[in-house]
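Worksheet for the structure shown next.
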Amino acid sequence: MEKLASATYTQLFLQNSSVANHNSRHCTAFGSAPRCLKSDSTCRAIFHHCRQMTSVSCKWSRMIAWAGQTSEMAQNASRPLSKRKVVEHIVLFRTKAGFSDEQEKDMLDFLYTSQYHMRGIIAISLGRIVQENPEGCTHAVCMRFPSKEVLAEYYKNTFQSRVLNEYIIPYCHGSISMDYEAEVEDDIVPLFRRGEDFEYGVEFILLFSVHEDVSVEVIGDALDAFANLIEDFGSSIIQYTQGKNFSVNCKDYTHCVMIRFPSEEALEGFTSSPSYTDIWKQKVLPISKRTLIVYFLIDPIGTTLM
């Protein structure tokens with residue numbers, strides 16, 4: 001059908017161009033007020049006809065170009081996007097009693113705007129954890145880096161040390177951190193977590209630590225079950241990553257699953273589904289010695305560069 005349409009467009013385009021070129025021979029100046037070789041009325045008629053046919057020719061040429069672009073776009077859309085490795089860096093903080101709203105704002109603002117002071121942070125989300133949890137964690141920050149090497153540079157950055165020493169350590173009594181490699185679609189929106197879908201929503205974090213005698217295959221089976229479930233929920237989930245912790249600073253948990261939902265309703269629909277419950281009870285809990293589930297709401301933050 002594509003070839004037939006292109007052939008039709010081409011045939012009509014050539015036909016109209018031929019007529020325009022043939023008629024233009026009767027004028028000495030095509031495209032401006034013609035000096036006629038025939039009578040004025042005949043020349044005027046030929047001139048206007050030539051302009052009309054040229055306009056038609058241009059329209060057909062634009063249609064041909066548009067048809068080609070549309071076909072190319074459709075082919076590109078049908079191709080699955082390639083994947084790119086990234087490193088997710090997650091920290092859960094336990095703030096002290098008496099932590100004020102002003103102190104919270106300063107801490108979150110400095111953490112959020114650190115992406116503008118340090119190279120390598122390609123995405124960040126953070127906020128107050130919604131529900132109480134066994135670990136007593138109150139706030140979370142999730143950063144994305146392009147590689148382990150860039151994350152290592154972040155740990156040594158003086159600005160990061162300043163934020164940590166001035167706005168986190170004085171108000172917190174411990175933290176849980178997680179670093180893991182994951183794969184995301186190699187495109188601007190999912191890679192940098194930019195765009196309307198990422199401006200609001202819920203960040204859901206599931207941590208678990210497996211027993212030492214659990215095989216890699218069994219762990220992989222549990223993570224694969226989550227990945228398959230994510231695909232079943234489609235547009236109810238914005239993004240999903242998972243991986244094994246390689247952090248040298250914290251070994252409390254061995255694996256992480258992080259999911260971005262568009263709303264709390266979507267999160268509730270996911271965690272209350274029988275499929276999620278089955279995976280949790282049959283594949284995660286039996287192999288885990290400890291688990292932790294937290295989530296926080298995504299709101300625009302850090303409008304002032306600190």
Side-chain angles (χ1 to χ4, degrees), residues 84-95 99-130 137-172 175-205 238-241 243 246-250 256 258-262 294-306:
R84 172 177 291 193
K85 282 189 176 182
V86 295
V87 171
E88 308 282 35
H89 170 64
I90 299 171
V91 183
L92 309 179
F93 302 106
R94 302 182 185 98
T95 55
F99 188 56
S100 68
D101 291 342
E102 184 178 354
Q103 290 169 339
E104 178 187 52
K105 181 181 182 301
D106 284 345
M107 181 182 78
L108 295 179
D109 275 343
F110 271 99
L111 282 169
Y112 186 83
T113 59
S114 62
Q115 62 185 310
Y116 308 122
H117 294 275
M118 293 179 283
R119 298 178 61 183
I121 303 173
I122 59 178
I124 185 170
S125 64
L126 73 175
R128 183 190 301 168
I129 292 172
V130 173
C137 297
T138 58
H139 296 76
V141 58
C142 306
M143 296 181 179
R144 175 172 292 171
F145 295 86
S147 66
K148 290 181 178 181
E149 292 74 21
V150 177
L151 173 62
E153 291 299 319
Y154 164 79
Y155 277 126
K156 295 184 289 186
N157 191 285
T158 54
F159 183 83
Q160 188 265 353
S161 299
R162 177 197 162 200
V163 172
L164 189 66
N165 292 324
E166 293 183 18
Y167 296 97
I168 297 176
I169 291 177
Y171 309 113
C172 297
S175 63
I176 298 171
S177 62
M178 168 77 63
D179 298 328
Y180 66 93
E181 272 192 317
E183 288 188 341
V184 297
E185 292 180 334
D186 191 8
D187 197 21
I188 292 176
V189 171
L191 180 62
F192 293 92
R193 308 188 96 190
R194 299 289 193 239
E196 187 176 345
D197 286 344
F198 286 99
E199 290 180 1
Y200 299 91
V202 180
E203 205 80 89
F204 172 81
I205 302 168
I238 297 173
Q239 193 173 64
Y240 158 81
T241 63
F246 66 81
S247 173
V248 297
N249 300 318
C250 184
C256 177
M258 182 166 65
I259 308 172
R260 171 68 69 88
F261 291 93
V294 299
Y295 72 91
F296 61 91
L297 305 182
I298 304 297
D299 289 311
I301 242 179
T303 53
T304 303
L305 189 64
M306 308 302 283

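All heavy atoms count here, side chains included; hydrogens, waters and symmetry mates do not.
- Side-chain atoms of S114 and Y154 include no donor-acceptor pair closer than 3.5 Å.
- Donor-acceptor pairing under 3.5 Å is lacking for the side chains of Y171 and D106.
- Under 4.0 Å is where a charged nitrogen must lie from a carboxylate oxygen, and between E183 and K85 no such pair does.
- The aromatic rings of F110 and Y167 lie parallel to each other, their planes meeting at an angle below 30°, with 60° marking the opposite boundary.
- At least one side-chain heavy atom of I121 sits under 4.5 Å from a side-chain heavy atom of F145.
- Taking 4.5 Å as the limit, some side-chain heavy atom of F296 sits within range of a side-chain heavy atom of C142.
- We find that K105 and E102 are not joined by a salt bridge, their nearest charged nitrogen and carboxylate oxygen being 4.0 Å or further apart.
- Side-chain contact between Y155 and V248 is absent, with no heavy-atom pair separated by less than 4.5 Å.
- Evaluated for a ring-ring contact (aromatic ring centres under 6.0 Å, His included) with H139, the options F99, F93, Y112 yield exactly one hit, F99.
- Under a 3.5 Å cut-off, the side chain of R144 and the backbone N or O of L191 do form a donor-acceptor pair.
- Within the 4.5 Å cutoff, the side chain of E88 has no heavy atoms near those of the C256 side chain.
- Heavy atoms of other residues, nucleotides or ligands lying less than 6.0 angstrom from CZ of R119 number 12 at most.
- Judged by distance alone, the side chain of R260 and the main-chain N or O of F198 form a donor-acceptor pair under 3.5 Å.
- Looking only at distances, a side-chain donor or acceptor of T138 sits under 3.5 Å from a matching main-chain atom of T95.
- The shortest distance between side-chain heavy atoms of Y180 and I90 falls below 4.5 Å.
- When atom types are taken as modelled, the side chain of D187 and the backbone of V189 share no donor-acceptor pair closer than 3.5 angstrom.
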